[in-house]
Structures are given as structure tokens and as C-alpha cells.
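A short write-up of the structure that comes next.
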Amino acid sequence: MLPRGRPRALGAAALLLLLLLLGFFLLDGRPRGAAACDPHPQADLGGHNRSDCVLPRPLPPKCELLHVAIVCAGHKTSRDVITLVKSLLFYRKNPLHLHLVTDAVARNILETLFHTWMVPAVRVSFYDADELKPQVSWIPNKHYSGLYGLMKLVLPGALPPDLARVIVLDTDVTFAADIAELWALFAHFSDEQVIGLVENQSDWYLGNLWRNHKPWPALGRGFNTGVILLWLDRLRQAGWKQMWKLTATQELLTLPATSLADQDIFNAVIKGHPALVRPLPCVWNVQLSDHTLAERCYLEAADIKAVHWNSPKKLRVKNKHVEFFRNLYLTFLEHDGNLLRRELFGCPSPRPPEAERLQQALAQLDEEDACFEFRQQQLTVHRVHITFLPHQPPPPRPHDVTLVAQLSMDRLQMLEALCRHWPGPMSLALYLTDAEAQQFLRFVEASEVLSARQDVAYHVVYREGPLYPINQIRNVALAQALTPYVFLTDIDFLPAYSLYDYLRASIEQLELGSGRKAALVVPAFETLHYQFSFPSSKADLLALLDAGSVHAFRHHEWPRGHTPTDYARWREAQAPYRVQWAVDYEPYVVVPRDCPRYDPRFVGFGWNKVAHVMELDAQEYEFLVLPEAFTIHLPHTPSLDISRFRSSTTYRGCLQALKDEFLQDLSRHYGAAALKYLTALQQP
């Protein structure tokens with residue numbers, strides 16, 4: 001969501017993209033000149049695959065809805081889809097309808113992402129891949145994509161019957177042109193042509209790559225199915241379902257399996273029915289596979305329309321111009337997706353109700369208000385990519401606990417230590433830019449500790465706005481926790497090594513599952529030492545307290561935050577004890593997963609946990625301090641928001657305004673029960 005009236009600076013990634021796509025320099029260093037143009041470019045089925053020049057074709061009407069289908073499964077492929085979609089959105093001038101065939105994991109990720117991305121003039125429909133699997137599961141397939149690599153075969157039956165045409169894309173395609181130009185090629189199909197494809201840019205189907213290489217039958221070099229134009233209603237009328245099944249059945253009598261998934265079967269069908277195919281200009285599918293002949297296709301950067309990373313090596317594939325292609329891909333990978341939330345001028349499209357309400361709320365803000373940034377940040381809808389990395393949900397256990405926390409890029413160094421201290425499931429939300437998300441990915445992949453943990457769910461909340469939306473980020477992590485209970489903490493705390501097991505035992509012992517509403521308090525401590533030997537037990541911690549190496553958390557700077565925990569009593573306690581809510585109390589607690597969410601109005605520094613604990617008390621949670629539990633804060637540099645809080649009277653005044661509004665809402669919601677908070681806060 002862009003701030004109204006404030007232009008966004010052009011990011012480095014966007015600038016690089018513009019430089020890449022100027023097209024004034026040849027890839028081979030020759031000056032740009034006019035090439036001989038074939039007014040009807042066809043793939044050369046018997047030999048070279050090239051297109052020296054592609055004549056401009058009339059685009060579809062400006063506001064025509066273009067349909068794109070993509071098959072996607074799992075965590076990694078979901079990330080690939082986002083990069084592909086970014087490249088589509090960057091160039092597109094038409095409304096888009098994305099038809100996504102997904103497994104449950106990808107659907108969960110992409111539904112959340114597109115719902116929070118709120119891109120104008122983009123519709124998204126989902127189709128259950130599990131329902132389609134029986135139609136292709138009988139086909140042996142050696143390709144790394146598995147069953148999902150065969151699902152393009154069944155799209156004519158899976159997509160809506162009234163959908164006439166669709167562009168089908170692999171997830172490893174990157175666009176370098178407006179997809180409307182590709183859609184325009186439908187106009188050049190003959191009455192018999194139903195499938196548009198680019199010739200395969202390798203010798204794979206010629207069968208001469210190695211001894212005893214026996215590929216599936218194909219017409220000449222065959223065709224690559226990374227980019228397909230499907231004329232769906234014609235396919236259905238031609239009996240496509242029976243056609244491909246009969247062909248596959250016949251070929252599997254002599255061939256053990258498909259090697260290139262759906263591509264082998266498409267080519268076998270075309271071999272027997274060559275009139276079905278419309279060869280497309282090769283620049284719409286520049287294939288960077290092993291043994292590629294793609295260099296014969298283009299002369300200069302401006303020729304290239306779409307790049308296809310169809311080698312298992314992906315970005316590591318060897319190619320004369322791989323650096324150019326890699327930079328193009330990386331530019332979109334790290335491109336700020338917020339910049340793609342732009343209206344299509346001249347193509348009015350109805351906003352979803354939520355987006356309409358958001359725009360109305362933004363329109364009511366006063367940019368002259370001293371607290372404008374706070375108001376705007378509260379309303380910002382951040383893009384959210386849940387389970388950014390592969391995640392294995394924990395098995396259901398009645399007393400299990402998920403550690404819930406949020407962090408930004410400057411706290412990544414805490415993750416390895418946290419994983420060593422907490423062996424149970426975690427739900428962590430990270431506030432990152434698109435570029436930082438890729439740095440985070442590489443950070444995890446390079447860490448033996450982090451990459452070995454499949455029970456840690458990482459959720460990326462993409463950065464936007466000047467203030468840190470701490471409670472919105474916390475709510476993302478909290479909403480994605482899958483266990484009955486959650487431990488709500490901060491990333492700069494390390495829990496006791498035994499805390500995970502101790503919490504589960506305490507939940508069972510206190511019979512919280514029987515409906516008792518309790519918030520289990522984990523006493524918080526801090527050390528100012530960067531080199532610190534972590535205590536292995538309460539006895540060790542007490543010794544460090546007595547030695548002055550550890551203190552009650554913020555005992556000197558903010559005693560009201562944790563004094564109600566009663567540290568003196570905790571030293572001697574052998575059993576859980578109850579404490580009462582007090583003004584500004586903000587302990588770290590274990591609560592049921594369905595506890596109240598954090599109030600999203602609190603952004604930046606101040607009162608974000610205090611308000612949450614106050615609402616727990618308003619809902620009659622009892623606070624029980626656990627006698628053997630503890631967590632310790634490690635030192636770090638202050639955040640930018642803390643510095644602004646300390647230095648700016650305006651900042652503190654805006655925080656006070658938010659507190660007053662929160663208390664008014666609390667009174668409206670809880671009535672007379674909220675009077676005690678108003679009374680307590682009025683006391684000096």
C-alpha cells in the first residue's frame with residue numbers, strides 16, 4: 001500500500017532491471033541493426049531454432065482479461081511462482097486471471113500471499129491437484145517434478161468449461177516482455193491449431209545425445225512445454241482427453257516411463273497429429289537447459305521475451321550469456337512486490353470489499369496530523385508469505401507448546417542459539433524486504449543447525465512503511481502456530497534448556513486442557529555480558545543473580561514491566577503461584593493458541609505487550625508464575641524505534657494517543673470490567 005501523495009524512490013533492483021532491458025547493446029557485442037524478418041516466424045523443425053526478428057503483432061484490447069495457468073506444489077515452487085508473477089506484473093498492461101493448480105501446502109501459502117498482496121486487476125482461482133492426481137498417476141515418470149509434472153495434460157478438463165483460451169507456464173519461467181504480446185499469438189492460429197509451442201532448443205528428441213538414448217517420439221526436435229498456448233474449447237471438441245491417453249498408453253508399451261513428464265506425451269500426440277500445433281517464435285521460451293541451442297534463437301537483449309530455466313541446475317546452468325539471464329531473474333527475485341500494487345490506468349476493475357474499505361480509511365487520514373505515520377502504518381496491509389521454507393507440522397499432542405516470536409534482519413544471529421535452547425516447534429515471523437528474504441534463505445541453507453530443523457515455521461512479512469508493525473508481525477506468527485499452546489516471547493531471549501519439556505509437564509499438571517483460563521508466566525531475566533555461560537538450572541541462575549551477572553529484566557529501566565512477577569517469591573517457590581495484573585505489566589506467557597491477538601494499532605516501540613496482557617486480564621486469565629521456568633535477555637544495540645521514542649516528544653505523544661484510544665475501545669468492549677484499568681492508569 002503506497003503512502004498517498006508521497007512518491008516512492010526507485011529501488012536499486014528496479015534501476016538494474018531498467019538498465020538490463022534497454023536493449024541497446026547486443027549480447028555478442030555487435031551494434032544493433034535491422035535483421036531479416038519472416039512475417040510468419042515458424043520453428044525450423046528439421047534444424048536450427050532461431051528467430052532473427054519477430055514482427056510486432058497487434059495486442060489484445062487494452063482491458064481484455066488474460067488467463068494464465070500454473071501448476072505449483074510445495075514450499076520451493078511457491079517461491080518460484082512469486083518470482084514468475086512479479087515478472088508478469090512488471091510488464092503487464094491487461095487484467096490477469098491466474099489459475100493455480102496446487103497441493104495443500106502451496107494453496108495455503110499462495111492464498112495468504114495474494115490476499116495480502118492486493119494487486120489491482122488480478123484474480124486468482126485455485127484447483128486441487130490431489131483431485132487430479134488419479135488422472136495421471138498411472139503414468140510412470142522419471143522427471144524430478146513427479147506427478148505434478150504431468151498435470152498440464154488434464155488442464156482442459158480441470159479449468160472452467162467456459163474458459164476458451166489460456167497461457168500455461170512452468171514456474172521456472174521469467175518474463176522480459178508484456179504477456180499480452182504472447183496472448184496476441186492466438187490470433188494467428190489456424191482453425192485446426194489448438195496448441196502453441198516453441199521448438200525444443202536441444203537435440204534431446206533426435207536421440208543422439210548418448211549411446212542407447214531412446215526418447216519419446218517427436219516431430220523433428222520436438223517442442224518444449226514450459227510455455228504453452230492452449231485453445232481449450234477446440235481441444236475439448238477434438239477429444240483431447242482420449243487422444244493423449246491413447247497415445248501415452250501405446251508408447252508405454254515400448255518405453256518404460258516419461259523422462260520429461262508431460263512434454264513427452266505432448267510431443268508424441270503432435271507427432272501423430274501435426275496439424276494441432278502452432279509453432280511459436282522461439283524468443284517466447286528461451287530454454288537454458290543442458291545441451292541448449294538457445295543461442296541460435298536471439299541476437300540481442302531486446303529479442304528475448306521469456307527465459308526458461310529448464311535445467312535441474314537452474315541458475316547454475318552453463319550458458320554463454322548466463323550472467324545476463326541470471327541478473328534478469330535475480331532482479332525480479334528481489335524486486336519490491338509493493339511497487340507492483342499499481343492500478344491499470346484506463347482499465348477500471350472492482351476492488352475486493354476489504355481493499356475498498358482500506359482505501360476509504362486511507363482517504364480519511366490527515367497528512368498534516370503529527371501522528372499521520374502511526375495512523376498510516378496501522379492501516380497498512382503487509383504482504384505475508386507463510387511457511388517461507390519447508391516445514392513439517394508437529395504431530396498432534398494435547399499439551400504441546402510452540403514458541404512464537406518475531407524478528408527483523410538484524411536479529412538473525414539469534415536463531416541458531418534459539419534452536420539449541422528450544423527443541424520444540426517454533427513459529428517465527430520475519431519483517432524483511434524482498435531482497436532480505438533471499439539473504440535470509442541463504443543464511444538458513446548455510447547453517448547446519450537451522451537447515452536441520454523442519455519444525456520451525458518461518459513466515460515473511462514484507463516491509464513497508466516507516467514504523468515497525470510489531471504486533472501485526474506477532475499476530476502472523478501466532479496465527480500460524482499449530483499446537484494447543486503457545487509461548488509468547490521475544491527473539492532476543494533465550495529460554496532455559498529444559499523449558500520446553502517443563503512447560504508441557506506444567507500444562508498437564510495444572511489441567512489447563514479442562515477449560516481453566518490461565519497464562520503461565522515465565523520469569524524474565526537479563527545479562528549485560530556478551531560472553532555469557534548460560535545457567536543449566538534454577539540453582540545456577542540464582543548463583544548468577546547473587547553474583548550480579550544476571551538481573552531481573554529491566555529492573556532498573558522499567559521495573560513496572562515485570563515487578564508483579566515477584567522475583568523474591570520466585571527464588572523460594574516450589575509450586576506455581578498466582579499474581580495479579582498491575583499497570584504496565586508485560587510478562588512472557590504461555591497461553592492457549594486461541595488467546596486474544598495483539599492489538600495491531602501499536603506500531604514502533606511502546607505498549608505493544610502491555611496492551612495484550614491487559615486484554616488477557618480483561619478476559620479473566622489468571623497469571624500463574626512457574627517456579628522452575630526462566631528466560632534470559634541477551635544484550636544488543638537499541639532498535640531504531642526505541643531511539644525515536646527516547647528522542648522525539650511527538651513520537652511519545654502519538655503513543656499516548658494510541659494508549660488512550662485502546663483504553664476507550666477496551667471500555668466499550670468489556671464495560672464496567674474495564675474501569676479498573678482506567679482507574680489504575682490515572683494514579684501517579
Side-chain angles (χ1 to χ4, degrees), residues 401-422 424-432 456-459 461 467-481 485-497 499-500 503 519-528 530 532 534 550-555 557-562 565 584-591 595-600 602-616 623 626 629-643 645:
V401 184
T402 295
L403 185 149
V404 171
Q406 56 77 34
L407 67 152
S408 53
M409 197 68 181
D410 59 349
R411 297 289 187 267
L412 286 188
Q413 73 278 4
M414 291 295 301
L415 291 178
E416 286 193 353
L418 184 60
C419 282
R420 293 188 179 100
H421 278 248
W422 182 271
M426 289 189 269
S427 180
L428 305 177
L430 299 95
Y431 192 53
L432 306 173
V456 180
Y458 299 102
H459 317 290
V461 179
L467 297 170
Y468 195 85
I470 185 166
N471 278 357
Q472 296 180 43
I473 308 170
R474 283 180 172 139
N475 283 339
V476 169
L478 179 54
Q480 296 304 317
Y485 298 91
V486 289
F487 173 34
L488 306 178
T489 184
D490 280 333
I491 197 66
D492 39 14
F493 280 81
L494 288 181
Y497 286 107
L499 185 61
Y500 175 59
L503 290 178
L520 306 183
V521 175
V522 177
F525 299 85
E526 68 177 338
T527 179
L528 302 180
Y530 285 90
F532 176 65
F534 200 90
V550 171
H551 308 275
F553 183 57
R554 294 291 185 260
H555 177 68
E557 296 90 349
W558 184 243
R560 294 164 62 162
H562 293 268
T565 298
D584 294 330
Y585 191 31
E586 51 177 359
Y588 295 100
V589 295
V590 177
V591 288
C595 68
R597 293 315 189 236
Y598 290 90
D599 193 301
F602 291 103
V603 296
F605 176 79
W607 247 59
N608 43 75
K609 289 196 304 293
V610 170
H612 186 246
V613 170
M614 188 179 295
E615 186 141 15
L616 290 176
F623 295 97
L626 298 177
F630 62 87
T631 186
I632 300 179
H633 179 267
L634 301 186
H636 58 76
T637 56
S639 68
L640 175 62
D641 282 299
I642 292 178
S643 300
F645 172 82

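Please read these numbers as outputs of a predicted model, since none were measured by experiment. Because only heavy atoms are used, hydrogens play no part in the values below, and waters and symmetry mates are left out as well, while side chains stay in.
- Not a single donor-acceptor pair under 3.5 Å links the side chain of T402 to the backbone N or O of V486.
- Distance alone, capped at 3.5 Å, is enough to place a donor-acceptor pair between the N471 side chain and the D599 backbone.
- Across P587 and H562, no two heavy atoms sit closer than the pair CA-CE1, 3.9 Å.
- Within the 4.5 Å cutoff, the side chain of F602 has no heavy atoms near those of the I470 side chain.
- Taking the side chain as every heavy atom from C-beta outward, S427 and V476 never approach each other to under 4.5 Å.
- Residues C595 and L478 meet the side-chain proximity criterion, which asks for heavy atoms closer than 4.5 Å.
- Contact detail for Y585 and G561: the closest heavy-atom pair is CD1-O, 3.3 Å.
- To the nearest 0.5 angstrom, L412 atom CG is 9.0 Å from I491 atom CD1.
- Using modelled atom types, one finds no donor on one side chain facing an acceptor on the other under 3.5 Å when comparing Y598 with Q406.
- D492 places none of its side-chain heavy atoms less than 4.5 Å from the side chain of L634.
- In this structure, the side chain of Q413 engages the main chain of D410 through a donor-acceptor pair within 3.5 Å.
- In this structure, the ring of Y497 has its center less than 6.0 angstrom from the ring center of F534.
- Nearest heavy-atom pair, W422 versus P495, reported as atom, atom and distance to 0.1 Å: CE3-CG, 4.1 Å.
- Annotation: side chain of F487 is not in contact with side chain of L520 (no heavy-atom distance under 4.5 Å).
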Task: Stepwise side-chain contact (heavy atoms from CB on, under 4.5 Å) check, F553 with T631 - done: CA-CA 10 Å; F553 183 57; T631 186; over 6 Å; no

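- Looking at heavy atoms from C-beta onward, Y500 lies out of side-chain contact with L403 at the 4.5 angstrom threshold.
- No donor-acceptor pair under 3.5 Å is formed between the side chain of H459 and the backbone N or O of A477.
- Here the OG1-CG distance, from T489 to L418, works out to 8.0 Å after rounding to the nearest 0.5 Å.
- Across L626 and P523, no two heavy atoms sit closer than the pair O-CD, 3.9 Å.
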Open item on the list: Before you tell me yes or no, could you show the steps for F532 and I632 under side-chain contact (heavy atoms from CB on, under 4.5 Å), namely the whole-Å CA-CA distance, both residues' side-chain angles and the distance that decides it to 0.1 Å?
Closed with: CA-CA 11 Å; F532 176 65; I632 300 179; 4.1 Å; yes

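- Test I473, V404, L407 against L428 for side-chain contact (heavy atoms from CB on, under 4.5 Å) and you get one pass: L407.
- For Y431 against L467, the heavy-atom pair with the smallest separation is OH-O, 4.0 Å.
- Side-chain atoms of Y468 and N608, non-hydrogen and from C-beta on, never get closer than 4.5 Å to each other.
- The two atoms that bring C419 and M426 nearest to each other are SG-CE, 3.7 Å, heavy atoms only.
- R411 places no side-chain N or O within 3.5 Å of a backbone atom of M409 that could act as its donor or acceptor partner.
- Between E586 and R554 there is no side-chain heavy-atom pair separated by less than 4.5 Å.
- With rounding to the nearest 0.5 Å, the separation of CG in L488 from NZ in K609 is 10.5 Å.
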